[in-house]
Amino acid sequence: MKQNVLIIGSGGREHALAWKLAQSPRIGKLFVAPGNGGTCQVAENIPIEATDIDGLVQFAEKNEIGLTVVGPDDPLALGIVDAFRARGLRIFGPTRAAAEIESSKAFAKELMSEAEVPTASFRIFLKHDEALAYIHEHGAPIVVKASGLALGKGVYVCKTLAQAETALSEIMLDHVHKNAGDEVVVEEFLDGQEISIHAFCDGKTFVLLPPAQDHKPIRDGDEGKNTGGMGTIAPVSWVSADMLQTFGQQIVRPTLEMLAKRGRRFTGLLYPGLKMTSSGPKVLEFNARFGDPETQSYLRLLKTDLLDILETCVDGTLAELVIEWHSGFAACVVIASGGYPDEYKKGVPLRGVAEAERVSSVVVFHAGTSFEDELKTSGGRVLGVSATSDTLRNALDRAYEAAQLIQFEGMQYRHDIGAKALTTAF
Ligand SMILES: Nc1ncnc2c1ncn2[C@@H]1O[C@H](COP(=O)(O)OP(=O)(O)O)[C@@H](O)[C@H]1O
Ligand SMILES: [Mg+2]
C-alpha cells in the first residue's frame, strides 16, 4: 500500500533518507520538516521545526502520514514518539524513555555496567568539588562529559589535568551546556580506532548494518576540534563478519535486553560508537538514531526498500525481512563552512553541485543549505559528497574528484577520509 511519509530534520542524514525513500515503489507523498536546499528536490519541505512536536502531530494527522521517520536526537528526547503513538500515528524511533540511552550519558553508563557491556570505567558526579577531587586523584589523560544533549560539544578529551579542570568548571560552574551539564560523567581515556555500529530494532529483534567509520576532528590527521562528523566510509574492511557478530552479541543484544527489562523497550535505530582498544571493543556512547554522516554512506549501499525496513521495525516484523546490501564501498566527504565548528558565515552562495554529481556514482547530499533564488549555505556542515565503487580507494577518489568541483567562499573539508582504513591491516 502507498504511504505518505514525513521525515523530521534538516541535515545530510535527512536528505539521504529522503533520497532513498523517494525510490520506493510504495512511496506516496514525501515530506521533510523542516528540510534543506537538497530535500526540496526529492520531497516537499514543510516549515515546521523538528522540536515542534504539536505542530508535527497536527501535520501528520492532517496529511494522512502513514509513517514518520525521526532524524535528530532532540525530538526523541522531547518524546515525539510517545506523542505520535498516543494519537495512533506510526513513527520510526524510540520512546523518550528508551532514547535516554543517548540523551543521558549517565543513564547509558549505568545501564552498560548492569548489562556488562564493555565501556570505559567511569564515575558520575552532581557536585563540582567532588568531580574535581576525583580528577586530581585519577590524573590525566581523562575524559569529562556533560551527561545530556549538548549539540556534540559536551565531551572534553583532556590530555592534561588543567584541561580537565577547565572542562569541569565550564560544565559545572559556568553551565555552558545549561542543564545538559547537571550531571557529569568522568571516564577513563581510551585509545584506538573508532567505528560506528548501527542496528535496526523492532523491539523484539535487531539487524546490524555494515560497520562504518566516521572522522570527528575538523582537520586531517584527526587534529583540531571535534565536529558532528567530517566524512564516513562503509563498510570497514578490517571489521570482519565475525567481529561484527560479536558486537551484536556482546553489545547490542545485552543493551536491548536491559532496556526491555527496565520497561524501556527500544524500537528504531540503535547506534553504539565503539573504540577498538588493545583490550577489545568498548562503547564510547549510544545514539538512538541514524548517524550523520554514516547514513549518507549506508543508503548508497542499501539494496532493500528502506520503507519496508522502517515499517517492519515499527510493526515488530523485522525478523521476516531479508535486508540486502550492494557489494563494494561507499565514501562520504563532508564540506563545511569556513570557521566551523566555531563561528561561521551563513548565506554564502554555493556552486558546482551539478558538476560534482556528473562524476561517476557521485550523489551530493545537502546538510546546511537553503534554496530560495539560488543555493546558499545555511549551516556548519554544508554538503556530503558521496560516491560508491568496488574498492574503497576508488570510491574515495570519486568523492574527492567531485568535492573539488564544489565552490564557495571559506569552504573546508578533510583530505584524508578513509585513509586510516586503507592502511589498517586485516
Ligand atoms: N573515553 C574516551 N576516550 C577517548 N576518547 C573519547 C572518549 N569518550 C569520547 N571520546 C571522543 O569524543 C568523541 C565524542 O564523544 P561521545 O561520547 O561520542 O559524545 P557525543 O557524540 O555525544 O559528543 C568521541 O567520538 C571520541 O572521539
Ligand atoms: Mg558521539
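Bear in mind the structure is a predicted one, so any value in this text is a computation, not a measurement.
- In this structure, Lys29 places its NZ atom where only 12 or fewer heavy-atom neighbours from other residues, nucleotides or ligands lie under 6.0 Å away.
- Salt bridge annotation for Arg351-Glu374: absent, with no cationic side-chain nitrogen under 4.0 angstrom from a carboxylate oxygen.
- Residues passing the side chain to side chain donor-acceptor pair (under 3.5 Å) test with Thr205, sequence neighbours excluded: none.
- By the 6.0 Å contact criterion, CZ on Arg393 is open, its count of non-hydrogen atoms from other residues, nucleotides or ligands being 12 or less.
- Side-chain contact between Asp191 and Thr277: absent, with no pair of heavy atoms (C-beta onward) separated by less than 4.5 Å.
- Between the side chain of Glu357 and the main chain of Val364, a donor-acceptor pair closer than 3.5 Å is present.
- In this structure, Glu165 has no salt bridge (charged side-chain N to carboxylate O under 4.0 Å, His left out) partners at least two apart in sequence or on a different chain.
- For Glu194, the salt bridge (charged side-chain N to carboxylate O under 4.0 Å, His left out) partners are Lys275, not counting sequence neighbours.
- Under the 4.0 Å criterion applied to side-chain N and carboxylate O atoms, Glu102 and Arg289 are assigned as salt-bridge partners.
- Using modelled atom types, no side-chain atom of Thr377 and backbone atom of Gly379 make a donor-acceptor pair closer than 3.5 Å.
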What's the verdict on side chain to side chain donor-acceptor pair (under 3.5 Å) for Glu116 and Gln250, showing C-alpha distance, side-chain angles and the deciding distance?
CA-CA 9 Å; Glu116 294 180 11; Gln250 295 180 358; over 6 Å; no
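- To the nearest 0.5 Å, atoms OG1 (Thr391) and CG (Leu396) are separated by 8.5 Å.
- Under the 3.5 Å distance criterion, the side-chain polar atoms of Arg300 are matched with a main-chain donor or acceptor of Ser361.
- Within the model, atoms CD1 of Ile7 and CG of Leu310 stand 9.0 Å from one another, a figure rounded to the nearest 0.5 Å.
- Judged purely by atom type and a 3.5 angstrom limit, Thr39 uses its side chain to pair as donor or acceptor with the backbone of Asn36.
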Enumerate donor-acceptor pairs with a distance under 3.5 Å from any side-chain N or O in residues 153-161 to protein atoms, sequence neighbours excluded.
residue: Tyr156; atom: OH; partner: Glu170; partner atom: OE1; Å: 2.8
residue: Tyr156; atom: OH; partner: His177; partner atom: NE2; Å: 2.9
residue: Thr160; atom: OG1; partner: Gln163; partner atom: N; Å: 3.1

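- Note on residues 350-369: pairs passing ring pair (Phe, Tyr, Trp, His ring centres under 6.0 Å), not counting sequence neighbours, are His15-Phe365, His15-His366, Trp19-Phe365.
- With Ile323 as the fixed residue, the side-chain contact (heavy atoms from CB on, under 4.5 Å) test singles out one of Leu302, Leu208, Leu306: Leu302.
- Residues Val239 and Met276 form no side-chain contact, since every pair of their non-hydrogen atoms from C-beta on lies 4.5 Å or further apart.
- Phe200 CZ to Thr304 OG1: the interatomic distance, rounded to the nearest 0.5 Å, is 9.0 Å.
- Note on Asp416 versus Arg414: salt bridge recorded, some NZ/NE/NH1/NH2 to OD/OE distance being below 4.0 Å.
- With sequence neighbours excluded, the residues forming a side chain to side chain donor-acceptor pair (under 3.5 Å) with Lys105 are Glu285, listed by chain and number.
- For the pair Asp292 and Thr295, the minimum side-chain heavy-atom distance is 4.5 Å or more.
- Contacts classified as side chain to side chain donor-acceptor pair (under 3.5 Å) and involving residues 208-217 (residues at least two apart or in different chains) are given here: Gln193-Gln213, Asp214-Lys216.
- The residue from Leu269, Leu259, Leu270, Val207 that alone fulfils the side-chain contact (heavy atoms from CB on, under 4.5 Å) condition with Cys201 is Leu270.
- Heavy-atom neighbours of Glu343 CD from other residues, nucleotides or ligands within 6.0 Å: at or below the threshold of 12.
- Atom CG of Leu422 is surrounded by more than 12 heavy atoms from other residues, nucleotides or ligands within 6.0 Å.
- Residue pairs meeting the side chain to side chain donor-acceptor pair (under 3.5 Å) criterion with at least one partner in residues 315-341, sequence neighbours excluded, are Arg90-Asp315.
- Counting only heavy atoms from C-beta outward, the side chains of Leu318 and Lys204 never approach each other to under 4.5 Å.
- Rounded to the nearest 0.5 Å, atoms CG (Leu350) and CZ (Phe371) are 10.5 Å apart.
- Without hydrogens or angle criteria, Asn63 side chain to Phe59 main chain gives a donor-acceptor distance under 3.5 Å.
- Looking at heavy atoms from C-beta onward, Arg219 lies out of side-chain contact with Met230 at the 4.5 angstrom threshold.
- Thr119 pairs with exactly one of Glu187, Lys282, Lys109 by the side chain to side chain donor-acceptor pair (under 3.5 Å) rule, that one being Lys109.
- Contact check on Asp308 versus Arg26 returns a salt bridge, with a Lys/Arg side-chain nitrogen under 4.0 Å from an Asp/Glu carboxylate oxygen.
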As a quick check of understanding, evaluate salt bridge (Lys or Arg N to Asp or Glu O under 4.0 Å) for Asp222 and Lys420, giving each step before the final call.
CA-CA 10 Å; Asp222 285 339; Lys420 236 177 350 206; 3.0 Å; yes
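- Applying the side chain to side chain donor-acceptor pair (under 3.5 Å) test to residues at least two apart or on different chains, the pairs with a partner in residues 399-413 are Lys345-Glu409.
- In terms of modelled atom types and a separation under 3.5 Å, the side chain of Asn4 and the main chain of Glu64 share a donor-acceptor contact.
- Although no hydrogens or angles enter the test, the distance criterion places no donor-acceptor pair under 3.5 Å between the side chain of Tyr344 and the main chain of Gly339.
- The backbone N or O of Gly229 sits less than 3.5 Å from a side-chain atom of Arg381, completing a donor-acceptor pair.
- Thr68 has its side chain out of reach of Leu89: every pair of non-hydrogen atoms, C-beta onward, lies at least 4.5 Å apart.
- Scored by the side chain to side chain donor-acceptor pair (under 3.5 Å) test, Glu294 finds Ser196, Tyr271 as partners (sequence neighbours excluded).
- Side chain of Asn45 to backbone of Gly35: no donor-acceptor contact under 3.5 angstrom is found.
- Scored by the ring pair (Phe, Tyr, Trp, His ring centres under 6.0 Å) test, Phe266 finds no partners at all (sequence neighbours excluded).
- Within the 3.5 Å criterion, the main-chain N or O of Ala260 finds no donor-acceptor partner in the side chain of Arg265.
- Side-chain contact of Ser121 with Glu188: a donor-acceptor pair under 3.5 Å is present, judged by distance alone.
- Considering every non-hydrogen atom in both Val186 and Ile135, the closest pair reads CG1-CG2, 3.9 Å.
- Note that the CD1 atom of Ile417 and the OG1 atom of Thr232 stand 8.0 Å from one another [nearest 0.5 Å].
- Rounding to the nearest 0.5 angstrom, the gap separating the OG1 atom in Thr227 from the CD1 atom in Ile218 is 5.5 Å.
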Kindly list each side-chain donor-acceptor pair under 3.5 angstrom involving residues 72-85, sequence neighbours excluded, with atom names and distances?
residue: Asp82; atom: OD1; partner: Arg96; partner atom: N; Å: 2.8
residue: Arg85; atom: NH2; partner: Thr267; partner atom: OG1; Å: 3.0

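- Summarising the geometry of Pro94 relative to Ala288, their closest heavy-atom pair is CD-O, 3.5 Å, with the distance given to 0.1 Å.
- The shortest distance between side-chain heavy atoms of Val32 and Glu44 does not fall below 4.5 Å.
- Between Ser297 and Cys332, the closest side-chain pair of non-hydrogen atoms falls below 4.5 Å.
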